[in-house]
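Quick caveat: nothing in here was measured; it's all calculated off a predicted structure. Scope of the values below: all heavy atoms of this structure, side chains included, with no hydrogens, waters or symmetry mates.
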Amino acid sequence: MKEYVDYLTEWLQSKIKDANAKGAAVGVSGGLDSAVVVNLIKRAFPDNSLGVIMPVGQEVEDQKEAVETVKKANLFYLGINLTDSYEKLFKDIKENIESHGEWVEDNEQLGGANLKARLRMSTLYAVAANYNYLVIGTGNAPETYTGYFTKFGDGAADIEPLSHLTKQQVREMARYLEVPESVIERPPSAELWEGQTDEDELGVSYDTIDAYLRGETIDEKDKQIIEGLHEKSKHKRLMPAVPPEAPQGE
């Protein structure tokens, strides 16, 4: 694990150098993956790294695991409450569509959740631009494979150091990096809405997805769910589609 952490630290340093950036920024949710990235960027850029905590519907101080993570890592952080910004933007969007009689109530929860993720990422990029930092993503292998991320939200980043790691490997790295135990044991959640958990949304556990990615035999029903998620989310892992170049006249 030490060798792999050292490898990722050096890789982060080389990518920041290649981009002529000064350091690295990460959005800190209080979850396992962002906690690992917090510690990696602190190692890579002791004086040029920061975390950004961006609650919606809570105060920054209420994000206890996030605050504990950055403080334990001794990482400089900003707390930016996005509640007012989100509520005004979503209200304006909803009222505008409602004025045309076309608001779809069944899509409200997911639409609002994705707006939160994209608002957080827009905020993170604005902060990173101020410091000339790159935005570091927190996606792991199961999330990448199943498409469990918001396109142009938490799926947007300049570089993704954890994308080859299973959830179990991320957890092992977290223990090596001495991430707070409360974060390691916390049920994974994108905090899309109250009480939401990743595994409930996915319909399959991270352990099962990890096993599938390792090539192990899993229950056929779980296999179908994982492969269905992978196929459905294909567009998230590709650059936007463009038409073939139009033929030029002679």
Novice: Please enumerate all residues that pass ring pair (Phe, Tyr, Trp, His ring centres under 6.0 Å) together with Phe45, with sequence neighbours excluded.
Specialist: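 Phe45 satisfies ring pair (Phe, Tyr, Trp, His ring centres under 6.0 Å) with no other residue.
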Novice: Treating Ile, Leu, Val, Met, Phe, Trp and Tyr as nodes and any side-chain heavy-atom pair under 4.5 angstrom as an edge, say whether Leu78 and Leu119 lie in one connected cluster.
Specialist: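 Yes, because Leu78 and Leu119 connect within a single hydrophobic cluster, where side-chain heavy atoms sit under 4.5 Å apart.
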Novice: Are there more than 12 heavy atoms of other residues, nucleotides or ligands under 6.0 Å from atom NE2 of His164?
Specialist: no
Novice: If Ile, Leu, Val, Met, Phe, Trp and Tyr residues are connected whenever their side-chain heavy atoms lie under 4.5 Å apart, and connections chain through other members, are Met54 and Tyr131 in the same group?
Specialist: yes
Novice: Only pairs under 3.5 Å count here: list side-chain donor-acceptor contacts from residues 97-106, not counting sequence neighbours, and write none if there are none.
Specialist:
unit_1	atom_1	unit_2	atom_2	d
Ser99	OG	Asn96	O	2.5
Trp103	NE1	Glu108	OE1	3.3

Novice: Considering non-hydrogen atoms only, spot the tightest contact between Pro161 and Gly137 and give its length.
Specialist: CD-O, 3.5 Å
Novice: Name all residues meeting the salt bridge (Lys or Arg N to Asp or Glu O under 4.0 Å) criterion together with Glu95; count only those two or more places apart in sequence or in a different chain, and write none if there are none.
Specialist: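 For Glu95, the residues satisfying salt bridge (Lys or Arg N to Asp or Glu O under 4.0 Å) (neighbours in sequence not counted) are Lys91.
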Novice: Can you tell me how far the CG atom of Leu82 sits from the OG1 atom of Thr123, to the nearest 0.5 Å?
Specialist: 4.5 Å
Novice: Could you give the distance from OG (Ser163) to CG (Asp33), rounded to the nearest 0.5 Å?
Specialist: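 That separation rounds to 11.5 Å.
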Novice: Should the pair Asp158-Lys15 be classified as a salt bridge under the 4.0 Å nitrogen-to-oxygen rule?
Specialist: no
Novice: Going by the salt bridge (charged side-chain N to carboxylate O under 4.0 Å, His left out) test, which pairs reach into residues 206-224, not counting sequence neighbours?
Specialist: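 The answer is Arg214-Glu216.
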Novice: Would you say Glu178 has more than 12 foreign heavy atoms packed within less than 6.0 Å of its CD?
Specialist: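 Result for CD/Glu178: open.
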Novice: Taking ring pair (Phe, Tyr, Trp, His ring centres under 6.0 Å) as the test, write out the residues that go with Phe152, two or more places apart.
Specialist: none
Novice: What about Val67 and Leu124, same hydrophobic cluster or not, with Ile/Leu/Val/Met/Phe/Trp/Tyr joined at side-chain heavy-atom distances under 4.5 Å?
Specialist: no
Novice: Would you call Arg175 and Met1 a side-chain contact if the rule is heavy atoms closer than 4.5 Å?
Specialist: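 No; the side chains remain at least 4.5 Å from each other.
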Novice: Indicate the atoms forming the closest heavy-atom contact of Gln63 with Ser29, along with that distance.
Specialist: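 Minimum heavy-atom separation between Gln63 and Ser29: OE1-O, 4.0 Å.
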Novice: Going by the side chain to side chain contact (heavy atoms under 4.5 Å, CB included) test, name the single residue among Leu229, Leu202, Asn140 that passes it with Tyr148.
Specialist: Leu202
Novice: Under 4.5 Å between side-chain heavy atoms, hopping through other hydrophobics if needed: is there a path connecting Ile136 to Val183?
Specialist: yes
Novice: Going through the checks in order, is the side chain to side chain contact (heavy atoms under 4.5 Å, CB included) test met by Leu40 and Leu162?
Specialist: CA-CA 10 Å; Leu40 289 175; Leu162 307 183; 4.1 Å; yes
Novice: Go through the steps for Glu143 and Tyr206 under the test side chain to side chain donor-acceptor pair (under 3.5 Å), then give the verdict.
Specialist: CA-CA 9 Å; Glu143 291 168 347; Tyr206 275 114; 3.1 Å; yes
Novice: Given Met121 and Val135, is the side chain to side chain contact (heavy atoms under 4.5 Å, CB included) satisfied, shown in steps?
Specialist: CA-CA 9 Å; Met121 191 53 68; Val135 171; 4.0 Å; yes
Novice: I'd like to know if Lys88 pairs up with Asp84 as an ion pair, taking the criterion as any Lys NZ or Arg NE/NH1/NH2 lying under 4.0 Å from an Asp or Glu carboxylate oxygen.
Specialist: no
Novice: Are the side chains of Arg171 and Thr166 in touch, meaning some heavy atoms are under 4.5 Å apart?
Specialist: no
Novice: Output yes when a side-chain donor or acceptor of Arg118 lies under 3.5 Å from a complementary backbone atom of Gly153, and no otherwise.
Specialist: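 Side chain of Arg118 to backbone of Gly153: no pair is present.
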Novice: Do the side chain of Thr208 and the main chain of Val204 share a donor and acceptor less than 3.5 angstrom apart?
Specialist: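 Not a single qualifying donor-acceptor pair exists.
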Novice: Please check: side-chain N/O of Lys42 versus main-chain N/O of Asn74, any donor-acceptor pairing under 3.5 Å?
Specialist: yes
Novice: Between Lys236 and Phe149, is NZ or CZ placed under 6.0 angstrom from the six-membered ring centre and within 45° of the ring axis?
Specialist: yes
Novice: What distance do Ile218 atom CD1 and Ser205 atom OG have between them, rounded to the nearest 0.5 Å?
Specialist: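 One gets 9.0 Å once the value is rounded to the nearest 0.5 Å.
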Novice: For Gly139 and Thr144, which heavy atoms make the closest approach, and how far apart are they?
Specialist: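 The pair with the smallest heavy-atom distance is C-OG1, 4.5 Å.
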Novice: Nearest 0.5 Å, what's the OG1-CD distance between Thr146 and Glu231?
Specialist: 13.5 Å
Novice: Counting N and O atoms only, with roles assigned by atom type, does the side chain of Thr83 sit under 3.5 Å from a partner on the main chain of Gly57, one being a donor and the other an acceptor?
Specialist: yes
Novice: Looking at Val38, Val28, Ile53, Val26, which hits side chain to side chain contact (heavy atoms under 4.5 Å, CB included) with Tyr77?
Specialist: Ile53
Novice: Would you say Asn81's side chain and Gln58's backbone share a donor-acceptor pair under 3.5 angstrom?
Specialist: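 It does hold such a pair.
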Novice: Only one of Val52, Asp154, Val56 forms a side chain to side chain contact (heavy atoms under 4.5 Å, CB included) with Arg120, so which one is it?
Specialist: Val56
Novice: What closest approach, in Å, do Ile16 and Gly23 show between heavy atoms, and which atom pair accounts for it?
Specialist: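 It is CD1-O, 3.4 Å.
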Novice: Under the side chain to side chain contact (heavy atoms under 4.5 Å, CB included) rule, what do Tyr133 and Asn48 come out as? Steps first, then yes or no, please.
Specialist: CA-CA 8 Å; Tyr133 288 177; Asn48 295 96; 3.6 Å; yes
Novice: Measuring from atom CG of Leu177 to atom CZ of Arg43, what distance do you get when rounded to the nearest 0.5 angstrom?
Specialist: 5.5 Å
Novice: Identify whether Leu213 and Val170 are in the same connected component of the hydrophobic contact network (ILVMFWY, side-chain heavy atoms under 4.5 Å).
Specialist: no
Novice: Kindly list each side-chain donor-acceptor pair under 3.5 angstrom involving residues 4-13, sequence neighbours excluded, with atom names and distances?
Specialist:
unit_1	atom_1	unit_2	atom_2	d
Asp6	OD2	Lys2	NZ	2.8
Thr9	OG1	Val5	O	2.8
Gln13	NE2	Ala44	O	3.1

Novice: Which pair of non-hydrogen atoms, one from Glu68 and one from Pro180, has the smallest distance, and what is that distance?
Specialist: OE2-CB, 3.5 Å
Novice: Can Leu165 and Met173 be said to form a side chain to side chain contact (heavy atoms under 4.5 Å, CB included), step by step?
Specialist: CA-CA 10 Å; Leu165 299 180; Met173 186 174 287; 3.9 Å; yes
Novice: For Lys232, does the NZ atom sit with more than 12 other heavy atoms under 6.0 Å from it, leaving out its own atoms?
Specialist: no
Novice: For the side chain of Arg186 and the backbone of Gly30, is there at least one donor-acceptor N/O pair under 3.5 Å apart?
Specialist: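 Yes; judged by distance alone, with no hydrogens or angles, the pair exists.
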Novice: Using a 3.5 Å distance criterion without hydrogens, assess whether the side chain of Asn132 forms a donor-acceptor pair with backbone atoms of Ala128.
Specialist: no
Novice: Hey, does the side chain of Asp62 reach the backbone of Glu59 with a donor-acceptor pair shorter than 3.5 angstrom?
Specialist: yes
Novice: Between Ser49 and Leu75, which heavy-atom pair has the shortest distance, and what is it?
Specialist: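 Between these two residues, the closest heavy atoms are OG-CD1, 3.2 Å.
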Novice: Is it true that a side-chain atom of Arg237 and a backbone atom of His230 form a donor plus acceptor pair closer than 3.5 Å?
Specialist: yes
